[in-house]
Amino acid sequence: MSYGFSVYFGLDNTKEENIDLLKDAHRLGFTRIFTSLHIPEANYDVLKVEVREFFALAKEYNMDIISDISPNTFKFLDLENMDLKGLKDMGVKTIRIDFGYTEEEISTMSKNKYEIKIQLNASTITKEFFKTLDKFSPNYENIDALHNFYPRVGTGISEECMIRKNEILKERGIKVCAFVQSNNRKRSPMKDGLPTLEDHRDIDVKLASNHLFAIGNDCVFIGDSLPSQQELIDLSSLDKDCVELRINLKTDDGVCTKLLENKYSSRTDSARDAIRASESRLLLGNNKIKSYNTVDKKYGDITIDNEGYLRYMGELQILLINQQKDERTNVVASVLQEDFYLLKYIVEGKKFCFNKI
């Protein structure tokens with residue numbers, strides 16, 4: 001459930017643009033689609049016609065259509081209120097509960113026999129909400145959560161708020177999703193982007209998504225109307241379980257360069273002064289590393305121990321402090337300063353990988 005995009009019928013895009021977006025996203029491995037069926041600015045005469053054709057193709061692709069609903073949504077789709085079978089027949093696999101339903105109704109929907117998932121608004125949930133919801137014994141295996149996006153500048157939530165909300169959700173095993181904006185075609189009427197975090201407004205899709213995955217979100221959606229091909233490619237290239245760090249190489253040694261191409265896990269016995277890779281010495285195999293570039297080391301430098309460190313040869317570290325030079329340790333790369341903030345998320349067991357710039 002790592003990647004999703006959004007579509008808004010009757011608003012910015014033509015029918016053909018929406019269909020092309022669906023085909024491109026499917027080809028790149030996107031599996032989820034968010035759509036809203038109660039946008040005041042939308043042309044509902046157009047919307048009503050386009051929805052069914054788009055949903056039919058998405059259903060053919062076996063993609064997860066997420067629609068936010070209210071009692072008016074069912075009426076708009078010519079369905080009876082709470083007609084979950086009718087939604088499933090159209091291809092909707094997940095319904096996002098935004099407003100208009102009580103905790104008891106949400107619990108009842110979570111136990112529906114049509115295998116439709118229920119999605120909570122991750123940005124607005126509270127501990128008190130769950131205390132009430134728990135009384136009605138919901139099926140938490142059938143519930144996930146998606147944060148809001150924020151069209152108005154200055155209203156996106158903070159990272160601290162997101163982490164607090166995500167912790168509440170994760171306590172119940174609920175997977176969490178969030179939005180990044182596109183910088184291609186921004187959705188009407190504000191056209192200021194649709195990110196969840198205010199920090200991500202006007203930020204590149206890949207950088208913002210990497211951040212969201214780093215702090216524990218399970219899926220990222222592009223919120224705006226028509227992301228570019230490159231934005232779709234950039235998001236689909238990310239591994240949600242791995243913090244990607246952009247680096248500058250400081251070596252042309254083939255053995256060390258090859259080691260930098262792997263995915264690593266931070267050791268569970270985390271060191272004070274560095275992020276230590278669990279797997280690097282094993283991946284070294286029978287190769288040898290000679291001593292070179294044994295210079296003074298700075299915060300964010302990536303080092304690999306050479307043969308002078310005996311059985312530690314091949315140990316890969318990302319430094320969290322400045323250190324004096326050591327003839328037994330080669331400086332092979334440096335994390336870009338703009339990515340230093342990501343280092344704090346690489347805690348015990350967290351995976352990380354490198355992107356050579």
Side-chain angles (χ1 to χ4, degrees), residues 1-4 6 30-37 59 62-71 73-74 81-149 157 159-179 196-197 209 212-221 223 239-241 345 347-351:
M1 63 181 295
S2 297
Y3 322 118
S6 306
F30 282 67
T31 58
R32 311 193 86 192
I33 306 162
F34 172 79
T35 188
S36 177
L37 298 178
K59 185 179 180 181
N62 196 32
M63 297 181 80
D64 181 4
I65 300 172
I66 301 164
S67 175
D68 56 355
I69 68 162
S70 68
T73 307
F74 287 98
N81 190 30
M82 303 289 284
D83 181 3
L84 300 188
K85 182 179 184 302
L87 288 177
K88 182 179 181 180
D89 290 344
M90 289 182 67
V92 175
K93 291 187 177 182
T94 302
I95 53 176
R96 185 169 190 253
I97 308 299
D98 213 358
F99 58 86
Y101 294 100
T102 66
E103 287 89 345
E104 184 174 10
E105 288 172 325
I106 292 169
S107 176
T108 299
M109 284 190 281
S110 76
K111 293 176 275 193
N112 74 85
K113 62 183 180 182
Y114 304 110
E115 299 181 336
I116 288 182
K117 280 193 169 290
I118 307 304
Q119 189 171 78
L120 304 176
N121 185 333
S123 300
T124 59
I125 58 95
T126 62
K127 290 182 179 180
E128 289 69 28
F129 164 80
F130 278 111
K131 284 179 183 177
T132 303
L133 185 61
D134 285 342
K135 294 176 183 177
F136 302 104
S137 302
N139 177 11
Y140 280 119
E141 291 184 0
N142 205 33
I143 293 175
D144 74 354
L146 174 61
H147 281 280
N148 274 342
F149 52 61
I157 64 174
E159 177 186 310
E160 293 76 17
C161 176
M162 174 178 281
I163 289 173
R164 284 197 305 272
K165 303 290 186 179
N166 287 6
E167 286 173 350
I168 294 171
L169 292 157
K170 298 283 185 179
E171 284 175 3
R172 287 167 170 78
I174 297 173
K175 293 187 175 181
V176 192
C177 319
F179 288 97
T196 294
L197 294 184
S209 300
L212 289 177
F213 286 139
I215 59 179
N217 291 284
D218 299 286
C219 181
V220 171
F221 288 80
D239 180 344
K240 80 174 185 69
D241 296 316
Y345 307 121
V347 293
E348 295 92 340
K350 187 73 173 180
K351 289 182 169 51

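Computed from heavy atoms alone, side chains included, the values below leave out hydrogens, waters and symmetry copies.
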Within the 4.5 Å heavy-atom criterion, are Leu212 and Met162 side-chain neighbours or not? yes
I would like to know whether Asn112 and Asn142 meet side chain to side chain contact (heavy atoms under 4.5 Å, CB included); could you show each step before the answer? CA-CA 9 Å; Asn112 74 85; Asn142 205 33; 3.6 Å; yes
Just so I know, are the side chains of Lys351 and Asp239 near enough to count as touching, which here means a heavy-atom distance under 4.5 Å? no
Less than 4.5 Å apart, side chain to side chain, heavy atoms only: is that true for Phe129 and Glu103?
yes
Exercise. Is the count of non-hydrogen atoms from other residues, nucleotides or ligands lying under 6.0 Å from Lys85 atom NZ greater than 12?
Worked result: no
Rounding to 0.5 Å, atoms CD1 (Ile174) and CD1 (Ile125) come to a distance of 7.5 Å
Take atom CD of Glu171 as the centre, draw a 6.0 Å sphere, and report whether it contains more than 12 heavy atoms from other residues, nucleotides or ligands. yes
- In terms of ring plane angle, is the pair Phe30 and Tyr3 parallel, tilted or perpendicular, where the classes change at 30° and 60°? tilted
- request: Using only heavy-atom distances, determine whether the side chains of Asn121 and Lys165 contain a donor-acceptor pair under 3.5 Å.
  value: no
Do any N or O atoms from the side chain of Asp218 and from the backbone of Cys177 form a donor-acceptor pair under 3.5 angstrom?
no
Electrostatic pair Asp64-Arg32, nearest N-O below 4.0 angstrom: yes
Closest non-hydrogen atoms of Glu159 and Ile215, given as atom of the first, atom of the second and distance, are CG-CD1, 4.2 Å
Nearest heavy-atom approach of Lys117 to Ile143 is NZ-N, 4.5 Å
Determine whether Tyr101 and Met82 make a side-chain contact, defined as any pair of heavy atoms from C-beta on separated by less than 4.5 Å. yes
In short, Tyr345 meets Lys350 closest at the heavy-atom pair O-CG, 3.5 Å
One should read off an interatomic distance between Ile116 CD1 and Ile66 CD1, to the nearest 0.5 angstrom, of 12.5 Å
Residue pairs passing the salt bridge (charged side-chain N to carboxylate O under 4.0 Å, His left out) test with at least one member in residues 123-138, sequence neighbours excluded, are Asp134-Arg172
message: I'd like to check Leu169 versus Phe130 (side-chain heavy atoms, cut-off strictly below 4.5 Å). Are they in contact?
response: yes
d(Ser2 OG, Asn217 CG) to nearest 0.5 Å is 11.0 Å
Notebook entry, point to check: Can you find a heavy atom in the side chain of Phe74 that is under 4.5 Å from one in the side chain of Ile69?
Noted result: yes
Distance col, row Asn166:CG vs His147:NE2, nearest 0.5 angstrom, shows 4.0 Å
- Is it true that a side-chain atom of Ser107 and a backbone atom of Leu133 form a donor plus acceptor pair closer than 3.5 Å? no
Closest non-hydrogen atoms of Cys219 and Gly4, given as atom of the first, atom of the second and distance, are SG-N, 4.3 Å
- Checking Ser123 side chain against Asn148 main chain: does a donor-acceptor pair fall under 3.5 Å? yes
Begin from the C-alpha positions of Ser36 and Asp68 and carry the test side-chain hydrogen bond (donor to acceptor under 3.5 Å, both in side chains) through to its verdict. CA-CA 5 Å; Ser36 177; Asp68 56 355; 3.1 Å; yes
Any side-chain heavy atom of Ile65 sitting closer than 4.5 Å to one from Thr94? no
Next on the checklist: Could you walk me through whether Ile106 and Leu120 satisfy the side chain to side chain contact (heavy atoms under 4.5 Å, CB included) test, starting with their C-alpha distance in whole Å, then the side-chain angles of each, then the deciding distance to 0.1 Å, before giving a yes or no?
Outcome noted: CA-CA 9 Å; Ile106 292 169; Leu120 304 176; 4.1 Å; yes
Q | Test item: Ser67 side-chain N/O and Ile95 main-chain N/O as donor-acceptor pair under 3.5 Å | A | no
Shortest non-hydrogen pair, Ala178 vs Leu146, comes out as N-CD1, 3.8 Å
Do the side chain of Asp89 and the main chain of Gly86 share a donor and acceptor less than 3.5 angstrom apart?
-> no
Looking at Lys88, I'd like to know if its NZ atom is crowded, meaning that more than 12 non-hydrogen atoms belonging to other residues, nucleotides or ligands lie closer than 6.0 Å. yes
Worksheet item: Centroid-to-centroid, Phe221 to Phe149, below 6.0 Å?
Response: no
* Please examine the side chains of Val92 and Tyr114, heavy atoms only from C-beta on, and report whether any two atoms are closer than 4.5 Å. => no
